[in-house]
Amino acid sequence: MLPTSEAAQDGPRHRASRLSAILDLLATQGRLSVSAAAEALEVSEATIRRDFAELTRRQLVTRNHGGVVATSVAYELPYRYRTSQHDSGLDRIARAAAALIQPGAVVAMNGGTTTTTVARRLTARDDLISPGLTLVTSALNIAVEAVLRPHVRCVSLGGIPRPESYEVTGPLAASGLGQLWIDVAVLGVNGLAVREGATCHHEDEAAVSRLMVERARDVIVVAAAGKLGERAFTQICETSAITHVVTTAAEDDEQVAGLRAAGPTVHCV
């Protein structure tokens, strides 16, 4: 039988918090020893050994001598998405992009840290509470947050989720999206250049984003300065199909001038 203090540490609520904290530590360090985890979480090594055993059972970690190592990106993503909340560049993009959207609009979003930040800013706007907002998304993490907002009608597309981005892809996602009309598509990209347009690394994700563009009246591309002038593997849309670009690039950046000449209104924030 466990001592009273140990039993308290192993209560369902406390244990869930510890497991989450352990995964956060692993996301930054890649490996974690029993002693280091016990010190960081201020619990006994016996408690940490039980937690490591539970995480191993769930196939979230691999045991090694004296500790555990990361085995998947599945829990690295929540850490990455949470830390993006503290990125001032992403927040400037999010504020500016959210301000472009009218109350009552039907908004489509793909996945990524930038669109996740835009979604948080958009759904928190006070002026949207009365007319509401419809948010259509291929990103599971965005849907999970948006559904908690009573003034947001959240439409989560079906399909096969990609663990690297939380995005669903495939015929189920395309079929659902093909039945909807969109006012504004907000897209995160891996590259944005005048000649190549908006691009991303994976064709299956690009196919869903491409359909968002086809079903939308306006298209907002949100991209940090480092993505301008870059080209990824597959095209989402031509530059001429983009209505607005919101970026952290400087006003005098030559990529900004080129994009403006090609048609989009570019907002440098």
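These numbers come from a predicted model, not from an experiment.
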Could you check [options] and say which one makes a side-chain contact (heavy atoms from CB on, under 4.5 Å) with [X]?
{"X": "Y166", "options": "N141, V144, I142, T116", "answer": "N141"}
{"X": "V245", "options": "V222, V256, T265, L192", "answer": "L192"}
{"X": "R31", "options": "V61, V69, T62", "answer": "V69"}

Nearest atoms (heavy-atom pairs only) where A99 meets R125:
CA-NH1, 4.0 Å

Report yes if the side chains of T234 and T199 come closer than 4.5 Å at any heavy-atom pair, otherwise no.
no

Does any part of the side chain of I93, heavy atoms only, come nearer than 4.5 Å to the side chain of T247, both counted from C-beta?
no

Are [X] and [Y] ion-paired here, with the side-chain N under 4.0 Å from a carboxylate O?
{"X": "R57", "Y": "E54", "result": "yes"}
{"X": "R50", "Y": "E45", "result": "no"}
{"X": "E205", "Y": "R210", "result": "no"}

Under the 3.5 angstrom rule, does the side chain of N190 hit a backbone N or O of A232 as a donor-acceptor pair?
no

So, does S175 use its side chain to make a donor-acceptor pair with the main chain of P171 at under 3.5 Å?
no

Count the heavy atoms belonging to other residues, nucleotides or ligands that lie under 6.0 Å from CZ of R63, then report whether that count exceeds 12.
yes

Let me check something: do I182 and I242 share a hydrophobic cluster, defined by ILVMFWY side-chain heavy atoms less than 4.5 Å apart, either directly or through other members?
yes

